[in-house]
Amino acid sequence: MTIKLYSHPTSPAGRAVFMLTEILNLKYELIEVNTLAGDNRKPEYLEKNPNHTIPMIEDDGFILIDSHAILTYLVEKYGAKQAQLYPKDLQLRSIVHQRLFYDASAITSILITIFIEIARHNASGPNEEQLEKVNDVYNILDKYLSKNDYVAGDQLTIADISCVANISTLADISPIDPKHKKLTAWHNRLQNEEWYKKGNLPGLTAISQILKSLMEKNSKA
Ligand SMILES: N[C@@H](CCC(=O)N[C@@H](CS)C(=O)NCC(=O)O)C(=O)O
């Protein structure tokens, strides 16, 4: 049975799942959920997902929400040939978890805060405090990358896929300072991957345009 993916190209969390499906060459049926139009608050959606978030998958009746949980599930179930994306070794896997939880908490939180301020509260861009938090995220990722080419070790894992979906969106609002050399190199490297170009770039371009025009409008108000 084909997996149903409830998502939207502009969602960073959704784009992480799109990128993974590109790497795994996984077929799915996309059901577009437009959160700005309130599709995620409809009773039939809330019945499946009380968190009212995208992405969500439905795999032969099994429902799973949260991009981080979905990434681990999809690699475990469909990624036998790309098992290094979610290492079996306990310590390597634990580092992947730590990076995923950092992404799910700190990185997601600052991105959502900035987005809500711009989209709903007429901010013309991130304020000083928010920029400091973004800079802290960039510093921390730069440290994670100081010894290895990828955020959780010397190979690409789902932690990179998850982080780059958020970081590419943040970098558009608050560019990565070249002083973050390792982070800049990692970001540039991933941007050249086919799975990034297909899974992340179209939605990233769309949300960037939306954010830029909102920031422009808000700065004139
Ligand atoms: N931790 C969640 C975050 C998902 C999330 O916040 N998605 C946003 C779109 S990027 C959303 O659905 N927002 C609508 C809402 O929360 O009502 C994940 O990784 O899936």
Side-chain angles (χ1 to χ4, degrees), residues 3-23 26 28 30-59 62-77 85-86 96-121 123 126 130 133-134 137 141 151-152 157-174 196 199-212 214:
I3 297 171
K4 287 184 183 153
L5 172 57
Y6 298 78
S7 193
H8 196 276
T10 54
S11 155
R15 282 187 263 120
V17 177
F18 288 140
M19 285 188 270
L20 181 66
T21 61
E22 289 297 330
I23 297 175
L26 196 61
Y28 58 88
L30 175 64
I31 296 155
E32 279 209 11
V33 177
N34 185 342
T35 55
L36 295 176
D39 295 348
N40 57 325
R41 301 272 176 169
K42 291 186 177 154
E44 58 274 25
Y45 194 76
L46 290 173
E47 182 70 29
K48 291 181 176 174
N49 177 356
N51 288 28
H52 49 78
T53 53
I54 52 170
M56 169 176 87
I57 58 164
E58 210 171 345
D59 186 14
F62 172 67
I63 291 173
L64 190 60
I65 57 177
D66 189 282
S67 61
H68 307 86
I70 294 170
L71 295 178
T72 61
Y73 173 83
L74 292 179
V75 179
E76 283 283 342
K77 186 158 181 197
L85 288 169
Y86 189 40
V96 170
H97 287 162
Q98 185 272 314
R99 305 313 196 227
L100 287 174
F101 300 154
Y102 178 65
D103 181 59
S105 52
I107 307 182
T108 300
S109 150
I110 185 60
L111 180 56
I112 289 182
T113 302
I114 295 173
F115 182 80
I116 288 178
E117 286 302 311
I118 295 170
R120 302 221 187 111
H121 302 130
Q130 290 157 354
K133 284 191 177 156
V134 174
V137 163
L141 285 178
V151 296
T157 68
I158 49 176
D160 296 281
I161 299 166
S162 192
C163 288
V164 81
N166 275 335
I167 292 298
S168 58
T169 317
L170 268 183
D172 225 57
I173 303 167
S174 171
Y196 178 102
N200 198 47
L201 197 53
L204 174 66
T205 309
I207 193 70
S208 293
Q209 279 163 2
I210 294 170
L211 280 168
K212 283 204 176 96
L214 279 171

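Indexing begins at 1, ligand by ligand and atom by atom, following the structure's order.
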Between Arg99 (side chain only) and Ala159 (backbone N and O only), is there a donor and an acceptor less than 3.5 Å apart?
no

Side chain of Tyr45, backbone of Thr53: donor and acceptor closer than 3.5 Å?
yes

Can a side-chain donor-acceptor contact be found between Ser162 and His68 if the only test is distance below 3.5 angstrom?
yes

Any side-chain donor paired with an acceptor under 3.5 Å for Asp59 and Tyr73?
yes

Distance under 4.0 Å to a non-hydrogen atom of Pro12: what atoms of ligand 1 satisfy this?
10 (S)

Atoms of ligand 1 close to Ala13 [distance to a heavy atom under 4.0 angstrom, numbered from 1]
18 (C), 19 (O), 20 (O)

What's the shortest heavy-atom distance between Ile54 and Ser11, and which atoms?
CD1-CB, 3.7 Å

Just distances here: any N/O of [X] and N/O of ligand 1 closer than 3.5 Å?
X: Thr53; answer: no
X: His52; answer: yes
X: Ile54; answer: yes

Separation between CG (Asn166) and CD1 (Ile110), nearest 0.5 Å, reads 11.5 Å

Could you check whether any side-chain heavy atom of Leu204 comes within less than 4.5 Å of a side-chain heavy atom of Tyr196, counting everything from C-beta outward?
yes

I'd like to know whether the aromatic ring centres of Tyr86 and His97 sit less than 6.0 Å apart in this structure.
yes

Any idea which part of His8 is under 4.0 Å from ligand 1, heavy-atom wise: side chain, backbone, both or neither?
neither

Indicate, as side chain, backbone, both or neither, the part of Ile112 found under 4.0 angstrom from ligand 1 when only non-hydrogen atoms are considered.
side chain

Looking at [atom], what's its closest protein heavy atom, distance included?
atom: atom 1 (N) of ligand 1; value: Asp66 OD2, 2.8 Å
atom: atom 13 (N) of ligand 1; value: Thr35 CG2, 4.3 Å
atom: atom 10 (S) of ligand 1; value: Ser11 OG, 3.1 Å
atom: atom 19 (O) of ligand 1; value: Ser67 OG, 2.6 Å
atom: atom 14 (C) of ligand 1; value: Asn40 ND2, 3.4 Å

Any protein heavy-atom neighbour for atom 3 (C) of ligand 1 (distance below 4.0 angstrom)?
no

I'd like to know whether ligand 1 has Pro55 as a neighbour, heavy-atom separation below 4.0 Å.
yes

